[in-house]
Amino acid sequence: MLSNLDLKLIRDLGRMKGQAVAVSLVMACGLAMLVMSRSLIRSFEETRSEYYESHRFAHLFAHLKRAPAAIAAQVAAIPGVSTVQPGISVQVTLDIPGLDEPASGLVRSLPEFAPPELNRLFLRAGDWLTPGGRGEVLVGEAFAEANQLRPGDSVTMLLNGRLQGFKIKGIVLSPEFIFESRPGAALPDNRTYGIFWMNYEPLARAFDLYGAFNHLALRLDAGAEEQGVIAAIDRLLIPYGGQGAYGRADHPSHIRLSDEIRVLATLSIGFPTVFLSVAAFMTNAMISRLLSLQREQIAILKAFGFRNGQIIAHYLKFALLLVGTAVCVGTLGGIGLGHRLVVMYRIFFRFPSLEFQLDRSTLWIALAVGTGAALVGVLGAVRRAARIPPAEAMRPEPPSSYRPSVVERTGVGNLLPNTFRISIRNLERKPMQALFTVAGLALSTGILIIPNALRDSVAEVLEFEWDVVQREDINVGLLEPWDETVIHTLRQLPGVVSIEPFRGTAVRILHGHHRRQLSLRGMASGGIHDRVVDARNREIPLPEDGLVVSSKLAEILEARPGDLLRVEVLEGRRRTFDVRLTGLSEDMAGMSARMERRALNRLLGEGDMVNGASFTVDHALWVPFLHALKRVPRVSWVAVKESLRENFRKTTAASINLIQSIYMVFAIVVAFGVVYNKARISLAERGRELATLRVIGFSEREVATVLILELVMLSAMAVPAGLLLGTGFATGIIHSVNTETVRLPLMLTAGNYTFAVLVVTVASGLSMMVVVRALRQLDLVGALKAPE
Amino acid sequence: MTNAPTQPAAVDVARQVFQARGLTKVYGTGTAEVRALDGVNLDLPEGELVVLLGPSGSGKTTLLNMLGGLDIPTDGTLLYRDFNLAEAGEEERTLYRREHVGFVFQFYNLIPSLTARENVALITEIAPDPMSPEEALGLVQLKGRLDHFPAQLSGGEQQRVAIARAIAKRPAVLLCDEPTGALDVRTGIAVLEAIEQVNRQLGTLTVIITHNAVMADMADRVIHFSDGRVHDTQRNHRRAPVSTLRW
């Protein structure tokens with residue numbers, strides 16, 4: 001049975017329901033973010049570790065040119081290695097029915113008569129390969145989905161220069177390709193790049209690798225020292241063209257997922273903190289107001305013999321009811337958002353099953369954090385109120401003291417109308433109330449900047465990187481380096497307008513104790529396709545004998561132009577040479593190192609070779625060009641700029657739209673809530689004053705102006721602060737995605753700022769209107785009676 | 001404002017400012033029905049100082065609210081000159097209050113964030129033909145406290161600022177609701193002197209409602225209220241000087 005004090009609590013809450021809802025919703029936004037991000041982290045971590053274990057994801061990986069099968073046994077003998085899985089991994093191009101351009105893919109071998117020891121596949125549909133079967137292939141789910149391939153369909157692959165037809169036996173997933181994308185790509189491009197698995201023998205025979213392997217996966221004993229094992233493997237594989245073993249920390253799919261988890265972890269701390277601080281203040285303002293309204297009631301309760309503790313507990317219950325509501329709404333909201341985000345994540349991250357798993361411990365954290373925020377907000381106010389002796393509390397509060405505001409003291413005062421003075425002096429008298437209203441509005445303005453900054457940055461990448469820098473239509477890679485005559489063959493393809501050959505080679509670049517493995521591209525100086533530009537968009541000429549690298553790579557290597565870099569070539573004659581760093585290029589995806597092609601070939605000592613070319617193609621002959629390209633032997637991969645761009649656009653647009661809708665809801669809730677709370681409190685505190693103005697002849701509109709003017713002044717302070725805050729948020733977030741795989745340029749446009757200001761203005765404007773309507777209910781006659 | 005009144009050109013004692021006929025105000029319905037005013041007939045001419053006396057609930061405040069345009073009657077007519085207040089809309093009544101009525105309240109109702117001068121200026125900014133704030137405050141002997149905030153003024157001083165605010169627009173009627181209710185005797189006398197002086201100097205029809213029967217002596221006319229009706233009217237042939245009043 002409810003005590004009468006509790007009954008009073010419920011009725012008080014009923015009277016302040018608008019404010020209670022506003023406070024709870026702001027708190028709920030923070031908690032929803034907390035529940036969502038922590039639960040997603042848990043979903044990812046648990047799903048991933050379960051998947052890794054059940055499908056025996058390897059600890060180490062190595063690519064090499066070719067090694068006899070017996071070498072695998074030597075690798076297995078390295079101390080710390082528990083299991084070795086040798087195999088074949090090759091790049092191919094494919095002819096997919098319905099797709100004009102050739103797709104590219106990675107084909108992996110599978111042991112013929114036993115399931116693989118490591119990196120086991122998960123069969124989503126169809127069947128496993130027939131032991132000893134030929135002409136069969138398994139396809140990664142992302143590519144199959146994007147191209148609507150089903151078991152029983154056929155694909156044509158160009159294997160080492162020979163076109164072969166394959167029947168799709170099954171659709172599969174692999175722990176190695178949770179993030180299924182081209183090497184170095186930040187976003188998946190599932191329509192034109194896929195992963196395939198074939199029986200060992202047919203693949204090995206097609207690439208003259210029978211009895212050998214060119215790829216290794218390993219698992220380590222518990223407690224084995226990874227770096228030691230990597231060094232031992234590298235030593236062992238050097239004669240076989242080993243390109244350097246690496247662990248999970250350098251595994252592209254693993255990194256990409258870990259990056260996402262890291263972003264979620266940042267979200268789970270940053271946003272809830274800010275939202276909850278604002279909510280804590282709103283609670284404080286609301287309860288302080290309630291307390292001063294109920295001064296006499298407190299006095300009477302105390303006069304009747306209620307202890308301070310009971311009174312404090314009574315008002316804390318009030319705050320806790322708000323927290324309880326916020327935790328419920330926030331948890332439900334967090335679960336809802338989490339489910340929607342999981343649907344989006346399934347596009348990027350392929351698990352046998354990725355389900356939203358509520359992190360129940362978060363509910364306790366949410367409760368604790370919410371309660372903490374409310375307690376911080378309430379405790380001081382309640383204790384102050386409880387401390388007043390009953391006799392004093394029964395008298396009305398003494399009139400508030402005011403003084404001319406700073407603005408007036410500067411001398412501008414005489415120009416101000418009196419209604420403006422009322423507003424400005426009120427703001428100055430309650431600086432904390434003003435500050436937190438400004439903070440809340442600034443916060444909502446700020447968070448609105450983020451999604452559009454991401455959108456603009458991505459658009460900039462799409463336009464700048466793929467229109468200004470890369471002017472070719474298509475890049476084509478060859479299976480092996482070839483002499484320049486191949487260019488003449490390629491030039492004969494229908495519709496070729498221009499062609500620029502390049503020579504790429506796997507290298508390790510070293511500077512001091514820093515090193516990175518990547519592909520060094522030799523290209524013609526002054527080419528018009530793949531332009532090398534610096535931070536100011538100026539073209540960097542490739543010198544006769546110098547190296548130009550991505551500024552991100554230079555940063556990692558701690559190298560500056562003028563430094564000598566050591567380049568170890570990881571293929572062919574495996575030469576090592578020192579070359580001067582002559583320039584830093586700005587690029588947004590992956591890391592590049594580029595030289596003049598002939599200079600590179602001189603250093604490689606292999607004559608004038610090319611292993612790929614970029615093309616511009618007459619658009620009228622685009623389809624015939626692509627069809628002809630599918631038939632060119634020796635092509636190992638193809639990248640069509642427009643497809644990459646289109647895929648990039650689609651995937652980013654979907655996810656940015658989702659993020660934007662979430663942030664927008666949050667921003668509107670906060671803007672509306674903060675303004676509503678502030679206006680309600682002003683109305684309650686100054687109802688008598690505003691009613692007096694009405695009585696002495698001010699119209700409703702004129703009285704509303706006093707209230708609105710205050711809010712407008714607060715907004716005027718909040719909006720620039722919010723734009724600044726948003727700039728900070730966006731800078732922080734965009735810098736946090738400044739990784740080796742992708743770098744977004746920070747784009748902050750007037751359109752973005754305008755949108756944020758507009759949304760916040762409309763939200764707070766609506767909120768003001770709701771409160772101004774309440775002005776009509778002012779009790780003019782009542783206000784003339786005894787003060788409160 | 002369709003039938004809005006105009007400012008009188010000159011004070012004419014014979015002219016009626018208010019004429020109430022059958023003025024009735026009923027709050028609530030059924031068993032909860034309260035007849036706050038029950039068919040009041042009343043004429044209030046220019047320049048008169050009227051004291052409305054009566055116990056709590058007698059209807060005097062309800063009448064004051066009607067005269068001030070804060071409330072409308074349930075029945076009957078109420079003319080301010082030739083303007084029918086009983087049928088005026090919200091906007092018209094706001095304009096009526098702005099231009100013609102000065103209010104003085106028991107608890108002063110000053111805007112705490114404005115100084116004495118600014119509280120008065122608030123009205124002079126919106127009224128058609130106001131006196132200057134300094135002049136209004138001079139009339140209530142507060143010239144030395146122009147730039148003080150309400151919190152820096154005594155109760156009596158605050159009430160005098162309220163009177164200055166009420167008269168600065170040169171209203172046709174000054175309505176005072178228990179103007180000394182929150183003040184001690186000495187301060188109360190000073191406030192009443194200010195009101196009396198305004199009435200005398202500006203010829204403003206002044207209506208004071210009070211519980212305090214002593215104040216009857218300062219009036220031209222005393223109207224006794226009970227049960228929502230005019231119970232009795234008494235005319236003083238000579239107004240007693242405020243300084244002689246004691247309670």
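Throughout, a chain's letter reflects where its sequence line sits, starting with A, and its residues are numbered from 1.
Atom CZ of residue A:Arg688 and atom CZ of residue B:Phe105 lie 9.0 Å apart, to the nearest 0.5 angstrom. For the atom pair OG1 (A:Thr419) and CG (B:Leu122), the distance works out to 7.5 Å, reported to the nearest 0.5 Å. Rounded to the nearest 0.5 Å, atoms CZ (A:Arg694) and CG (B:Leu70) are 9.5 Å apart. Between atom CG of residue A:Asn426 and atom CD1 of residue B:Ile111 there is a gap of 9.5 Å, rounded to the nearest 0.5 Å. Note that CD1 of A:Ile422 is 9.0 Å distant from CD of B:Glu118, once rounded to the nearest 0.5 Å.
Looking at B:Ile126, the atoms closer than 4.5 Å to chain A (heavy atoms on both sides) all sit in the side chain, from C-beta outward. In this structure, no portion of A:Glu428 lies under 4.5 Å from any heavy atom of chain B. B:Ile123 touches chain A through its side chain: at least one heavy atom from C-beta onward sits under 4.5 Å away, while N, CA, C and O do not. In this structure, the portion of B:Glu125 lying under 4.5 Å from any heavy atom of chain A is its side chain and not its backbone.
Pairing each heavy atom of B:Arg98 with each of A:Phe698, the nearest pair is NH2-CA, 4.1 Å. Of all non-hydrogen atoms in A:Asn418 and B:Ala121, the two that sit nearest each other are ND2-CB, 3.3 Å.
More than 12 heavy atoms of other shown residues, nucleotides or ligands fall within 6.0 angstrom of atom CZ in A:Arg429. Counting heavy-atom neighbours within 6.0 Å of B:Asp147 CG, excluding the residue itself, gives a total above 12.
The side-chain heavy atoms of B:Ser113 and A:Arg686, taken from C-beta on, include no pair separated by under 4.5 Å. The shortest side-chain heavy-atom distance between B:Arg165 and A:Thr692 falls under the 4.5 Å cut-off.
A salt bridge does not link B:Glu90 to A:Arg776: none of the charged side-chain nitrogens sits closer than 4.0 Å to a carboxylate oxygen.
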